[in-house]
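Chain letters run A, B, ... following the sequence lines, proteins first and then strands; every chain starts at 1.
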Amino acid sequence: MVHNKKTHPSFDFLSDTASTVAPLLLGCILERTLEDGSVLRGRIVETEAYDQTDTASHSYKGSTPRTEIMFGSAGHLYVYFTYGMHYCCNVVVGPPGYGAAVLIRAVEPLEGEDSMKLRRSRHGLNLTNGPAKVCQAFAIDKRFNGHNLHTPPIRLIVPEKRGDSTIVQSPRIGISTAKNTPWRFYYQDNKYVSKNNS
DNA sequence: AGCGGGATTTTCT
DNA sequence: GAAAATCCCGCTT
């Protein structure tokens with residue numbers, strides 16, 4: 001298979017189903033370049049899959065002004081606003097026309113922790129151990145809905161080699177339907193995971 | 001450590 | 001008008 005310039009090979013895996021892609025996004029790096037040129041980086045340690053066959057998904061009832069990005073092409077950012085004050089971000093996955101995305105629930109900070117502390121007014125685990133915390137720490141809001149993750153100021157970096165951390169699969173958090181669908185994935189031993197199963 | 005409630009506003013019915 | 005892919009605080013064990 002030959003790749004043209006528009007489709008970077010490292011993003012090919014994003015065209016698969018959400019529940020297949022979600023564990024594969026663990027270990028990928030989220031990179032944010034702020035307006036002053038400083039760089040934040042975090043390693044994704046917890047994700048959840050959502051797709052249009054799934055009653056818990058924003059895409060379940062079809063495309064709306066809010067969710068149309070989920071029906072677009074893979075490798076873009078879907079940012080939504082919830083509970084009157086929080087943003088959460090997802091990686092759009094699957095083929096164009098199919099509404100699917102993977103929620104980034106937690107990252108482990110790698111670079112720019114001091115900058116994250118300023119926006120979070122917290123430190124340590126509370127910097128990035130939850131989906132809205134990640135967005136606040138990384139200064140991601142509605143402006144970046146639909147952003148192409150190949151390009152600054154927000155990039156998804158896929159490592160050449162994956163780590164060997166143990167991945168746990170569990171039901172998703174904070175939803176009122178499809179409570180048993182086990183589409184949450186996280187690194188078992190990682191401190192930044194939002195909620196451990198024990 | 002775990003539970004319960006409040007904050008706050010967008011989104012769709 | 002109701003619900004929402006959450007977070008934080010305060011109170012109870």
**Asked** In dot-bracket notation, what is the pairing pattern of DNA chain B, taking Watson-Crick (N1-N3 plus N6-O4 or O6-N4) and G-U wobble (N1-O2 and O6-N3) contacts under 3.5 Å, with [ ] crossing and | for other strands?
**Response** |||||||.||||.
**Message:** Can you say whether a donor on the side chain of A:Tyr80 sits under 3.5 Å from an acceptor on the base of C:dA5, or the other way round?
**Reply:** yes
**Complete:** Note: A:Asp51 and A:Ala18 closest approach over all heavy atoms is CB-CB, 4.4 Å
**Request:** Nearest whole angstrom, please: distance from the C1' of C:dC8 to the NE2 of A:His86.
**Result:** 8 Å
**Request:** Ignoring the backbone of A:Arg105, work out which of C:dA4, C:dC8, C:dA5 is nearest its side chain.
**Result:** C:dA5
**Asked** Is the phosphate of B:dT9, meaning OP1 or OP2, less than 4.0 Å from a side-chain N or O of A:Arg66?
**Response** no
**Prompt:** How close or far is atom C1' of C:dA5 from atom CZ of A:Arg172, stated in whole angstroms?
**Reply:** 8 Å
**Request:** Return no unless some side-chain N or O of A:Lys142 is found under 4.0 Å from OP1 or OP2 of B:dT11.
**Result:** yes
**Asked** What nucleotide among C:dC7, C:dC9, C:dA5 has an atom nearest to a side-chain atom of A:Pro131?
**Response** C:dC7
**Message:** Taking A:Val45's backbone N and O only, do any of them form a donor-acceptor pair with A:Glu108's side chain (distance below 3.5 Å, no angle check)?
**Reply:** no
**Item:** Any A:Ser176 side-chain N or O less than 4.0 Å from OP1/OP2 of C:dA4
**Value:** yes
**Message:** For A:Arg32 and A:Ile154: C-alpha separation, side-chain torsions, deciding distance, then whether side chain to side chain contact (heavy atoms under 4.5 Å, CB included) applies.
**Reply:** CA-CA 5 Å; A:Arg32 169 82 161 98; A:Ile154 308 174; 3.6 Å; yes
**Complete:** Of the listed C:dT6, B:dT9, C:dC9, the closest approach to the A:Phe81 side chain comes from B:dT9
**Request:** May I ask you to verify if any side-chain N or O of A:Lys133 is less than 4.0 angstrom from the OP1 or OP2 atom of C:dC8?
**Result:** yes
**Prompt:** Is the phosphate of B:dC12, meaning OP1 or OP2, less than 4.0 Å from a side-chain N or O of A:Thr64?
**Reply:** yes
**Asked** Does A:His58 put a side-chain nitrogen or oxygen below 4.0 Å from OP1 or OP2 of C:dA5?
**Response** yes
**Message:** When you measure from the side chain of A:Tyr78 to the backbone of A:Val102, do you find a donor-acceptor pair of N or O atoms at a distance under 3.5 Å?
**Reply:** no
**Item:** Integer-rounded Å distance: C:dC7 C1' and A:Tyr87 OH
**Value:** 15 Å
